[in-house]
Number of protein chains: 2
Amino acid sequence: MPEPEISSPKRDQLMATAWRLFYRDGFRAVGIDLILAEAGVAKMTLYNHFASKEELIVALLEKRDRELRASMVATVEAAGKSPTKRLLAVFDWLERWFGSPDFNGCVFIRALSEYPEATHAIHRTAWNHKVAVKEMLAQLGAAAGAANPTGLAETLSLLIDGAIVAAHGTRETGSARSARVTTAALLKLATA
Amino acid sequence: MPEPEISSPKRDQLMATAWRLFYRDGFRAVGIDLILAEAGVAKMTLYNHFASKEELIVALLEKRDRELRASMVATVEAAGKSPTKRLLAVFDWLERWFGSPDFNGCVFIRALSEYPEATHAIHRTAWNHKVAVKEMLAQLGAAAGAANPTGLAETLSLLIDGAIVAAHGTRETGSARSARVTTAALLKLATA
DNA sequence: GCAGGAATAGACAGATCTGTCTATCGCACT
DNA sequence: AGTGCGATAGACAGATCTGTCTATTCCTGC
């Protein structure tokens with residue numbers, strides 16, 4: 001019963017391939033047969049590890065959530081001690097992401113879009129990630145001495161998600177810089 | 001050959017039903033058979049008016065683009081002569097939209113998400129809308145005396161798209177107000 | 001050597017998908 | 001009355017979808 005979180009080579013292989021194809025083409029656009037063929041894994045192996053395609057997607061989103069937030073934390077930590085620099089480092093991180101060759105939008109926004117119903121497990125899992133990121137931003141904002149860290153985090157979340165959508169539409173990194181410049185200006189106001 | 005833009009009752013009926021179902025459930029999630037059944041229209045009627053499902057979607061996005069921008073213009077016009085008030089009225093318009101019972105995210109962001117490939121006709125059509133809105137914002141910003149209307153419009157676009165994503169995740173209207181407050185602050189800076 | 005669990009290939013069910021085709025019907029216009 | 005066009009129902013093709021099942025094989029621990 002390798003249901004909860006047990007790692008196995010085949011399972012990892014499956015998730016890596018599924019991630020690549022889902023992120024490239026979309027959840028509904030990719031059938032499990034294609035994933036299985038490209039991963040070199042039998043169908044029953046998938047259904048021994050996951051109850052359904054939906055559960056596979058949820059597991060992928062949760063994994064991506066962990067990795068993405070860990071990557072953000074690492075970037076922030078590497079930015080030094082200045083709270084302002086730490087916050088702005090998030091936007092440098094964004095800019096690098098937008099410039100990476102396989103950038104294809106935000107998988108969580110895309111999951112919200114493909115499963116628009118509020119009660120759907122995939123929709124909720126995707127939104128959980130955005131809430132978690134917002135909480136990270138609030139902590140960074142509090143450390144920077146913002147008068148209203150929660151409000152600042154909300155605004156920064158808007159800028160970030162807007163920038164991701166714009167980068168997906170233009171395939172350019174400029175939106176990250178725009179968001180960064182705006183954030184710098186807002187920080188001055190918020191900590192004044 | 002009613003291909004280009006000829007209006008017909010059946011065609012309108014088809015587009016209305018297709019819009020409703022696509023917006024509710026997603027493009028790939030809704031099959032044309034369902035649309036036809038709910039619209040009470042024969043399959044050949046669809047394929048006489050549109051070459052494919054994809055073309056139907058593109059036509060719907062173009063129609064929605066026209067209507068949405070017209071609605072924005074009307075809101076702005078109704079806001080009076082003050083350039084600042086006119087710009088801020090966009091966010092009141094957003095808030096009303098988020099609060100409407102069938103709000104289900106932005107169909108253009110969702111189209112970008114479901115058809116993530118940059119060269120896809122649906123993807124490009126959806127992005128065209130975002131570009132057009134940004135141009136509207138730049139004009140409003142210029143009228144408000146912004147030093148850099150294009151840059152301001154870019155930032156406001158980020159806030160707007162971010163707010164839409166947030167409203168889709170939370171089913172609340174608060175993100176529109178956050179974006180509005182931030183915009184008011186930015187306007188003071190941009191016109192100072 | 002052997003037992004047991006994991007993975008395998010592949011058939012299968014049952015549904016659904018887009019798009020094509022045919023044959024008929026209804027209706028407006030002359 | 002007759003012509004022509006738009007719309008109709010419904011069969012059809014061919015592909016694809018998720019999920020189930022079986023029977024076999026592989027590998028590891030004992």
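Keep in mind that the numbers below use all heavy atoms, side chains included, and drop hydrogens, waters and symmetry copies. Order of the sequence lines fixes the chain letters, A, B, ..., with proteins taken first and strands second; residue numbering starts at 1 for each chain.
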Starting at [atom1] of [X] and ending at [atom2] of [N], how long is that distance when rounded to a whole Å?
X: B:L36; N: C:dC17; atom1: CG; atom2: P; value: 11 Å
X: A:R11; N: C:dG5; atom1: CZ; atom2: P; value: 20 Å
X: A:L56; N: D:dG19; atom1: CG; atom2: C1'; value: 14 Å
X: B:I35; N: C:dG19; atom1: CD1; atom2: P; value: 11 Å
X: A:D33; N: C:dC12; atom1: CG; atom2: P; value: 16 Å
X: A:I32; N: C:dA9; atom1: CD1; atom2: P; value: 14 Å
X: B:K10; N: D:dT8; atom1: NZ; atom2: C1'; value: 9 Å
X: A:K53; N: D:dT16; atom1: NZ; atom2: P; value: 14 Å

Aromatic plane relationship, [Y] with [X] - under 30° parallel, 30 to 60° tilted, over 60° perpendicular:
X: A:H123; Y: B:H168; value: perpendicular
X: B:W19; Y: B:Y23; value: parallel
X: A:F27; Y: A:F22; value: tilted

> Could you give all pairs that pass the salt bridge (charged side-chain N to carboxylate O under 4.0 Å, His left out) test and reach residues 144-160 of chain B, with sequence neighbours left out?
Replying inline: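 Residue pairs with at least one partner in residues 144-160 of chain B: B:K134-B:E154.
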
> Under 6.0 Å from the CD atom of A:E54, do we count more than 12 heavy atoms belonging to anything else shown?
Replying inline: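 Enclosed: over 12 neighbouring heavy atoms sit under 6.0 Å from CD of A:E54.
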
>> With a sphere of 6.0 Å drawn around CZ of B:R177, does it hold more than 12 non-hydrogen atoms of other residues, nucleotides or ligands?
In response: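 Counting other residues, nucleotides and ligands, CZ of B:R177 stays at 12 neighbours or fewer.
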
>> Please tell me if B:T45 has a side-chain N or O lying less than 4.0 Å from either OP1 or OP2 of D:dT8.
In response: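 Checking B:T45 against D:dT8: at least one side-chain N or O falls below 4.0 Å of OP1 or OP2.
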
> Does D:dG6 have OP1 or OP2 sitting under 4.0 Å from an N or O in the side chain of B:H49?
Replying inline: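 No, outside the criterion.
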
> To the nearest 10 degrees, what angle separates the axes at the start and end of the helix from C:dG1-D:dC30 to C:dT30-D:dA1, five pairs each?
Replying inline: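 The end axes of the helix from C:dG1-D:dC30 to C:dT30-D:dA1 are about 10° apart, to the nearest 10°.
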
>> From the set D:dA7, C:dG19, D:dG19, return the single nucleotide nearest to any side-chain atom of B:Y47.
In response: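 Within the option list, the nearest is C:dG19.
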
>> Heavy atoms from C-beta onward define the side chain here; which of C:dA9, D:dA9, C:dT20 lies closest to that of A:A42?
In response: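 The answer is C:dA9, which lies nearest to the side chain.
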
>> Between A:K43 and B:V41, which residue's closest nucleotide on DNA chain D lies nearer the 5′ terminus?
In response: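 By nearest-heavy-atom nucleotide position, the 5'-most residue is B:V41.
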
> Does the salt bridge (charged side-chain N to carboxylate O under 4.0 Å, His left out) test come out yes or no for A:R180 and A:E95, once each step is laid out?
Replying inline: CA-CA 9 Å; A:R180 194 197 141 109; A:E95 187 175 357; over 6 Å; no

